[in-house]
Protein chains: 2
Amino acid sequence: MTAKLRRPAMTFTITQLCREFGATARALRYYEDQGLLAPARQGMARVYSYRDRARLQIILNGKRVGLSLAEIRDILSLYGQGDGEVAQNALALRKFRERIVAFERQRQEIDEAIDELRRASARMEQRLAEQQGDRQVA
Amino acid sequence: MTAKLRRPAMTFTITQLCREFGATARALRYYEDQGLLAPARQGMARVYSYRDRARLQIILNGKRVGLSLAEIRDILSLYGQGDGEVAQNALALRKFRERIVAFERQRQEIDEAIDELRRASARMEQRLAEQQGDRQVA
DNA sequence: TAACTGATTGACGTTCACGTAAAGGGAAGG
DNA sequence: CCTTCCCTTTACGTGAACGTCAATCAGTTA
């Protein structure tokens with residue numbers, strides 16, 4: 001019966017979360033505008049629960065690995081809705097794999113660009129050497 | 001004395017260059033706005049020389065390896081100004097090397113993100129397996 | 001009561017490389 | 001003369017994720 005006190009029913013203000021996660025208030029409000037967060041209100045002020053805090057954690061993790069806010073929203077929309085956990089995990093897994101594929105392609109492109117830059121640099125050095133030679137001769 | 005005819009003094013219209021390089025007219029005009037090109041005019045119409053064509057080639061190559069239009073403009077501003085060739089090549093070499101460093105860092109970040117996604121995916125699979133197990137049991 | 005602190009909303013600004021109308025000029029051909 | 005075609009300019013729109021005011025409100029402190 002006292003199980004509801006197992007966790008302190010603590011809440012967070014926007015600046016607390018910002019400091020904790022190194023984000024800005026503008027960002028959190030933007031996530032809310034985009035439907036990724038929906039904190040309670042006390043009058044006008046936002047009141048973030050542990051649940052909101054967990055969602056924010058997911059958002060920031062998602063961003064770090066290159067997910068767009070829209071993708072993160074899709075995942076979060078399944079967060080903690082009865083048996084939605086399975087669906088959420090499955091969706092997250094799909095998104096992760098898509099991201100891996102996209103990243104690998106991007107990496108491939110970068111590698112090609114680097115190769116090309118290396119070749120171009122080598123040519124440049126060659127020409128510079130020749131041009132310097134011309135100067136000496138001239 | 002006929003040396004000036006060594007190359008046919010041919011010129012190009014904007015759509016010719018677009019077709020040849022697979023660009024759009026809007027893009028070429030934008031490069032001009034940004035000071036990367038300055039074709040001659042015949043009345044209102046732009047007339048591109050071989051020189052302009054060569055510049056365009058440099059622009060597109062630069063873009064392909066990740067240079068910004070501003071950086072390309074810097075390089076082009078030294079293009080064929082008396083002994084500017086040396087300076088141009090030296091500048092291009094610097095830009096190339098900067099780009100290589102930036103790309104390598106970007107590649108590093110991508111690798112880290114991929115690693116993290118792989119670990120997260122593994123955890124997800126694990127949990128999904130457990131959740132499926134729960135279902136069987138229940 | 002006034003100032004200060006922390007929060008809110010709304011709305012425009014930013015970056016980059018163009019895309020996309022809208023409205024028109026000018027020459028060639030029928 | 002009219003159409004067709006190529007070309008022009010001006011100017012606003014796009015996308016992502018916020019930054020940056022500006023004006024306002026609510027509660028606490030001096």
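A note on names: the letters A, B, ... follow the listed sequences, proteins ahead of strands, and every chain is numbered from 1. Keep in mind that this is a model prediction, so the values were computed, not measured.
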Legend entry - Donor-acceptor pair, side chain of A:R64 and main chain of B:A113, under 3.5 angstrom: no

Legend entry - Neighbours of DNA chain C within residues 14-31 of chain A, by heavy-atom distance under 4.0 Å: A:I14, A:T15, A:R26, A:R29

Legend entry - Atom of B:I72, atom of B:L36 and distance for their closest heavy-atom approach: CG2-CD2, 3.7 Å

Legend entry - side-chain N/O A:T13 vs C:dA7 OP1/OP2, d < 4.0 Å: yes

Inset, instruction - Look at the side-chain N and O atoms of B:K63 and state whether any lies under 4.0 Å from the OP1 or OP2 oxygen of C:dC16. - result: no

Inset, instruction - State, without any angle test, whether A:E130 and A:Q126 hold a side-chain donor-acceptor pair at a distance under 3.5 Å. - result: yes

Inset, instruction - Examine the side chains of B:S49 and B:D52 and answer whether a donor and an acceptor come within less than 3.5 Å of each other. - result: yes

Mind listing the N/O atom pairs, protein and nucleotides 23-27 of chain D, below 3.5 Å?
none

Legend entry - A:Q108 side chain to A:E112 side chain, donor-acceptor N/O pair below 3.5 angstrom: yes

Legend entry - Nearest-Å distance for atom pair CZ/C1', residues B:R46 and D:dC6: 13 Å

Side-chain donor-acceptor pairs under 3.5 Å in residues 41-48 of chain B, sequence neighbours left out?
{"unit_1": "B:R41", "atom_1": "NH1", "unit_2": "B:M44", "atom_2": "O", "d": "2.8"}
{"unit_1": "B:R41", "atom_1": "NH2", "unit_2": "B:E32", "atom_2": "OE2", "d": "3.2"}
{"unit_1": "B:R46", "atom_1": "NE", "unit_2": "B:E32", "atom_2": "OE1", "d": "2.6"}

Inset, instruction - Output yes when a side-chain donor or acceptor of B:R73 lies under 3.5 Å from a complementary backbone atom of B:Q34, and no otherwise. - result: yes

Inset, instruction - Not counting sequence neighbours, list each pair that qualifies as a side chain to side chain donor-acceptor pair (under 3.5 Å) and has a residue in residues 20-30 of chain B. - result: B:E20-B:R53

Inset, instruction - Would you mind reading off the distance between B:Q42 atom CD and D:dC6 atom P, rounded to a whole angstrom? - result: 17 Å

Inset, instruction - Can you measure from CG (A:L117) to NZ (B:K95) and round to the nearest 0.5 angstrom? - result: 13.0 Å

Inset, instruction - Identify which nucleotide among C:dT9, D:dA17, D:dC7 has an atom closest to any side-chain atom of B:A45, counting heavy atoms from C-beta outward. - result: D:dC7

Inset, instruction - Find the distance A:R41:CZ to C:dA7:C1' and express it as a whole number of Å. - result: 10 Å

Inset, instruction - Round to a whole Å and report the spacing from CD of A:Q34 to P of D:dA16. - result: 10 Å

Legend entry - Exercise: identify the closest heavy-atom pair between B:R99 and B:G66: NH1-O, 3.3 Å

Inset, instruction - May I ask you to list the residues of residues 100-116 of chain A, by number, that have any heavy atom positioned under 4.0 Å from an atom of DNA chain C? - result: none

Inset, instruction - Search all heavy atoms of B:I110 against all heavy atoms of A:I110 and return the closest pair with its distance. - result: CD1-CD1, 3.8 Å

Legend entry - Between OH on residue B:Y31 and CG on residue B:L60, distance to nearest 0.5 Å: 5.5 Å

Inset, instruction - Please examine the side chains of A:R118 and A:I114, heavy atoms only from C-beta on, and report whether any two atoms are closer than 4.5 Å. - result: yes

Inset, instruction - To the nearest Å, give me how far apart CG (A:L37) and P (C:dT8) are. - result: 12 Å

Inset, instruction - Send over the distance from A:E32 CD to C:dA7 P, rounded to a whole Å. - result: 14 Å

Inset, instruction - Could you tell me, to 10°, how much the axis swings from one end of the helix from C:dT1-D:dA30 to C:dG30-D:dC1 to the other, five pairs per end? - result: 40°

Inset, instruction - Could you tell me the separation between the OH atom of A:Y48 and the P atom of C:dG6, rounded to a whole number of Å? - result: 17 Å

Inset, instruction - Taking all heavy atoms of A:Q88 and all of A:I75, pick out the closest pair and write down the distance. - result: CG-O, 3.4 Å

Inset, instruction - Grab the CZ-P distance between B:F12 and D:dC7 for me, whole Å please. - result: 14 Å

